[in-house]
Amino acid sequence: MSTKELLIIILLMSGTVLPSSLIRAQGQTTLSEALKDCFLIGTAVNEQQIIDKDTLGAQLINRQFNAIVAENCMKSQSLHPEENRYDFGLSDRFVEFGEKNGQTIIGHTLIWHSQLPKWFCTDEEGNNISPDILKKRMKEHITTVVKRYKGRVKGWDVVNEAIEDDGSFRKSKFYEILGEEYIPLAFQYAHEADPEAELYYNDYSMALPGKRAGVVKLVKELKRRGLRIDAVGMQSHFSMNWPSVEEFEKSIIAFAEAGVKVMITELDMTVLPAPKHNIGAEVSASFEYQRSMNPYPKGLPEKIAMAWNKRMESFFALFLKHKEIISRVNLWGATDKDSWRNNWPIKGRTDYPLLFDRNYQPKAVVDFIIQKAQE
Ligand code: XIL
């Protein structure tokens, strides 16, 4: 009898009501077992799970997923709040969490315009710093972070969200100061810090033709310069009507043809109405709460749950079809209650975007994935 089984018996004898997922999970094939020959199956991990406050969440993650990404604690704002101060408390625990469970650990993210501390690109008066100072700061930040987890973090989202929907460069602070040069520089610094680490470019709205073309161009340019880039990360924050499976597939193929692997890095699918079209996954987007924008606070109607499962199934069927190209499929959270989509782009809504529900129960699509992977 395993320790877990023994524990379950003790808890049952003491009258504790166990979540049915724990009982059901015994002896049942998990996502990570079913998908082991297809691609890594990962999730974002939040602070409550890292510090084991959400014990059931942490258990679910350890059973079902073999790759993890920090939802927030490896972003520059968290890791490097002041120029001369790093805070590795939580990120160290995140890496230990993955090592303890034998999971592949992914670093997210080195250079990004969001969750970026003010000091990084501006001086005390709020003016942009010079190109030379920014290069120095980028190099120092990337080197310190990547070296700290050398040999432990398998790959890094080196640059996040640098391309606009039309394929042009996002006019971020990094771009304002250094122009497009900041991207190859970031890849160069990351590679110098850990030559073994895989390096990725990550972005949202990747099914848009303009974005697709811009990312392909960027990958080719990095390769032309002889820089390492292993994969393109497609964030995949979906809704019920966007993107189409067909357009998404075109991007998977286009990235593979540019000579890199593809990773689905932040998968979730909202069922809630959008306050505006084309906001992609820009985290600064924010709209006022209205009751009409939160239609399912008490549960999801069966019809919508079924449509959600069907649509999620068609995406997993697509990922499995391209398992030679796709090296990781990563959810942006384990259960619906963990999802950032409950609060973005409108705070305080109830969404149902992930593979496990608020009671840690798998949705129908999980069985589908397990069956399909084993065919
Ligand atoms: C989100 C987190 O999930 C939230 O907790 C946080 O408040 C904002 O960022 N694209 C990314 C992720 O690359 O890092 C973002 O994560 C979601 C969009």
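One-based numbering, in listed order, for ligands and for the atoms of each. Throughout, residue positions are numbered sequentially from 1 according to the sequence presented.
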Legend entry - W242-H277 aromatic ring centre distance below 6.0 Å: no

Check whether any heavy atom of [X] sits under 4.0 Å from an atom of ligand 1.
X    : value
Y204 : no
W344 : no
K75  : yes

Legend entry - Option nearest atom 18 (C) of ligand 1 (shortest heavy-atom distance, choices E282, E266, Q115, E71): E266

Legend entry - Candidate with minimal heavy-atom separation from atom 6 (C) of ligand 1, of N46, N72, T109: N72

Inset, instruction - Indicate yes or no: does E176 engage K173 in a salt bridge with an N to O separation below 4.0 Å. - result: yes

Inset, instruction - Tell me whether the guanidinium CZ or amine NZ of R349 lies under 6.0 angstrom from the six-membered ring centre of Y296 and within 45° of its axis. - result: no

Legend entry - K135 NZ/CZ over Y189 ring centroid, <6.0 Å and within 45° of normal: no

Inset, instruction - Heavy-atom contacts with H108 under 4.0 Å: which atoms of ligand 1 show up? List them by number with element. - result: 11 (C), 12 (C), 13 (O), 14 (O)

Inset, instruction - Spell out, as yes or no, whether a donor-acceptor pair under 3.5 Å connects the side chain of R328 to the backbone of G233. - result: no

Inset, instruction - For R228 and A190, indicate whether the former's side chain and the latter's backbone hold a donor-acceptor pair under 3.5 Å. - result: no

Legend entry - Min N/O separation Q235 to ligand 1 under 3.5 Å: yes

Inset, instruction - Answer side chain, backbone, both or neither: which part of N160 comes under 4.0 Å from ligand 1, heavy atoms only. - result: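 It is the side chain that touches ligand 1; the backbone stays farther off.
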
